[in-house]
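Here's the structure we're looking at; comments come further down.
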Amino acid sequence: MSPIENLSHRVSAAFADRTKLKEADYAAAVRETLALLDSGAVRVAEKGPEGWKVNAWVKEAILLFFALSEMKVMEVEPFEFFDKIPLKKGLEAAGVRVVPPGVVRYGAFVERGAVVMPGYVNIGARVGAGTMVDTWATVGSCAQVGRDVHLSGGVGLGGVLEPPTASPVIIEDRAFIGSRCIVVEGVVVEEEAVLGANVVLTASTPIIDVTGPEEKVYKGRVPARSVVIPGMKEKQFPAGRYMTPCALIIGQRKESTDKKTSLNAALRDFAVPV
């Protein structure tokens, strides 16, 4: 059995029977997992040949860490916090820029070259190199954000911590998420997709490709390189017909477009606000 397998077995055993947390070996397994998560050595979810796989035992360790930790005062002049989870340290050595009062919580991993403006990165989350977490954007617990992603101002990526087997919100490499977008309930935004301002995606939101002669409907997934805007769809209720929210795929990013500029340009090509 590998060290990671041994660690996962101890964590899962403690999650099944929390009285085991009174034993030093099981408590140590939880703390070791959080340290590995904080350093990027393990992660909540990872992409393989068959798609994204959730490492449920890592999420179990996060939940157990809350049980092990005590509330305490943390002073970061001029701010004071009172919480169970400390702030992430070693940002300079890690090559991560965090602009005050931006917050990265312990147990989140941010790769070298990422920038966190006055936003928030929660425990269990992962943010890739070259990614911008813009002002008041939030990366919820366990959300996985790829490399060279732009999360515009006020973006909200939901946290998916329970149940441990539930898939987190995933934003793949080089995606652009427009201002005030909300992505929750384990929705996957695939590589290089572009969400225009105010798009709201839940697991049940219809994501409708309207670029062909007939609509094609997705749920829980934005296909790679799609350009998406908010939309409305008529639905029948007992009281009458009403408009309900959806998202519209109105085009595709072009491979020939320079990726450094196409994030904004792709939206402007379709006259969509950034």
From Ile85 atom CD1 to Met71 atom CE, the distance as rounded to the nearest 0.5 Å
10.0 Å
Starting at CZ of Arg10, measure out to NZ of Lys20 and round the result to the nearest 0.5 Å.
12.0 Å
Contact summary for Thr138 and Gly156, nearest pair of heavy atoms
OG1-CA, 3.5 Å
Does some side-chain heavy atom of Glu75 sit less than 4.5 Å from a side-chain heavy atom of Val73?
yes
Would you say Ser141 and Ile62 make side-chain contact, with heavy atoms under 4.5 Å?
no
Crowding at CD, Gln236 (>12 non-hydrogen neighbours, <6.0 Å)
yes
For the backbone of Gly128 and the side chain of Glu111, can you confirm whether one donor and one acceptor N or O come within less than 3.5 Å of each other?
no
Any donor-acceptor N/O pair, Ser12 side chain to His9 backbone, under 3.5 Å
no
How many angstroms lie between atom NZ of Lys47 and atom NZ of Lys53, to the nearest 0.5 angstrom?
16.0 Å
Is there a side-chain contact between Val227 and Gln252 in this structure, where contact means two heavy atoms from C-beta onward sitting under 4.5 Å apart?
no
Does Asn198 reach the side chain of Val200, with side-chain heavy atoms less than 4.5 Å apart?
no
Side chains of Trp57 and Glu5 only: does a donor on one sit below 3.5 Å from an acceptor on the other?
no
Spacing of CG belonging to Leu161 relative to CD belonging to Glu60, to within rounding of 0.5 Å:
10.5 Å
Does Thr202 use its side chain to pair, donor to acceptor, with the backbone of Ser204 at less than 3.5 Å?
yes
Side chain Asp173, main chain Arg147, donor-acceptor under 3.5 Å
yes
Report whether Val149 and Val228 are members of the same hydrophobic cluster (ILVMFWY, side-chain heavy atoms less than 4.5 Å apart, transitive linking).
yes
Do Ile123 and Leu36 share a hydrophobic cluster (ILVMFWY, side-chain heavy atoms under 4.5 Å, transitive)?
yes
Assigning hydrophobic clusters by single linkage (Ile, Leu, Val, Met, Phe, Trp, Tyr; side-chain heavy-atom cutoff under 4.5 Å), is Tyr120 placed with Phe81?
yes
Whether Lys233 side chain and Ile208 backbone form a donor-acceptor pair below 3.5 Å:
no
Using every non-hydrogen atom in the two residues, find where Ala114 and Val127 come nearest and quote the distance to one decimal.
CB-CG1, 4.2 Å
Please report the closest heavy-atom contact between Asp134 and Gly153, naming both atoms and the distance.
CB-N, 3.7 Å
Side chain to side chain contact (heavy atoms under 4.5 Å, CB included) with Ile177: which of Leu151, Val145, Ile182?
Leu151
Between Leu68 and Arg31, is the side chain to side chain contact (heavy atoms under 4.5 Å, CB included) condition met? List the steps.
CA-CA 9 Å; Leu68 285 173; Arg31 293 190 173 96; 4.0 Å; yes
In sequence, state the C-alpha distance, the side-chain angles, and the governing distance for Val104 and Leu87, and then conclude on side chain to side chain contact (heavy atoms under 4.5 Å, CB included).
CA-CA 6 Å; Val104 181; Leu87 301 179; over 6 Å; no
Less than 4.5 Å apart, side chain to side chain, heavy atoms only: is that true for Val183 and Leu195?
yes
In terms of hydrophobic clusters joined by side-chain contacts under 4.5 Å, are Leu91 and Met132 together?
no
Compare all side-chain heavy atoms of Pro164 with those of Leu63 and state whether any distance is below 4.5 angstrom.
yes
Please find the pair of heavy atoms, one from Arg221 and one from Ile207, that lie closest to each other, and give the distance.
O-CD1, 3.5 Å
If you compare all heavy atoms of Thr135 against all heavy atoms of Pro118, which two are closest, and at what distance to 0.1 Å?
OG1-CD, 3.8 Å
Less than 4.0 angstrom from a charged side-chain N to a carboxylate O is my criterion; do Arg174 and Glu191 meet it?
yes
Indicate whether the side chain of Gln144 and that of Arg126 have a donor and an acceptor atom separated by less than 3.5 Å.
no
Quick check: are there more than 12 heavy atoms from other residues, nucleotides or ligands sitting under 6.0 Å from NZ of Lys89?
no
Does the Ser69 side chain pair with the main chain of Phe66, one donor and one acceptor, at a distance under 3.5 Å?
no
Lys72 side, atom NZ; Asp83 side, atom CG - distance, nearest 0.5 Å
10.0 Å
Measure across Phe176 and Ser152 and return the closest heavy-atom pair with its distance rounded to 0.1 Å.
CZ-OG, 3.5 Å
So, Asn122 versus Arg105: side-chain donor-acceptor pair below 3.5 Å or not?
yes
Going through the distances and angles, do Val103 and Val116 end up as a side chain to side chain contact (heavy atoms under 4.5 Å, CB included)?
CA-CA 8 Å; Val103 171; Val116 180; over 6 Å; no
Point-to-point distance, once rounded to the nearest 0.5 Å, from CZ of Phe109 to CZ of Arg43:
9.0 Å
Give a yes or no on whether the backbone of Asp148 and the side-chain of Thr131 come within a donor-acceptor separation of less than 3.5 Å.
yes
As a test of understanding, state which of Val11, Val30, Leu37, Thr33 forms a side chain to side chain contact (heavy atoms under 4.5 Å, CB included) with Phe65.
Val30
Would you check if Val187 and Val169 make a side-chain contact, meaning some heavy-atom pair closer than 4.5 Å?
no
Is Pro101 close to Phe79 at the side-chain level, that is, under 4.5 Å between some pair of heavy atoms?
yes
Over 12 non-hydrogen atoms of neighbours within 6.0 angstrom of CZ in Arg97:
no
Single-linkage hydrophobic cluster, 4.5 Å side-chain cutoff, Val44 and Ile171 together:
no
For Arg225, is there an ion pair with Glu190 - N to carboxylate O distance below 4.0 angstrom?
no
Report the C-alpha separation of Lys88 and Asp38 in whole Å, then their side-chain angles, then the decisive distance to 0.1 Å, and conclude whether the side chain to side chain contact (heavy atoms under 4.5 Å, CB included) test is met.
CA-CA 8 Å; Lys88 190 175 184 69; Asp38 190 73; 3.0 Å; yes
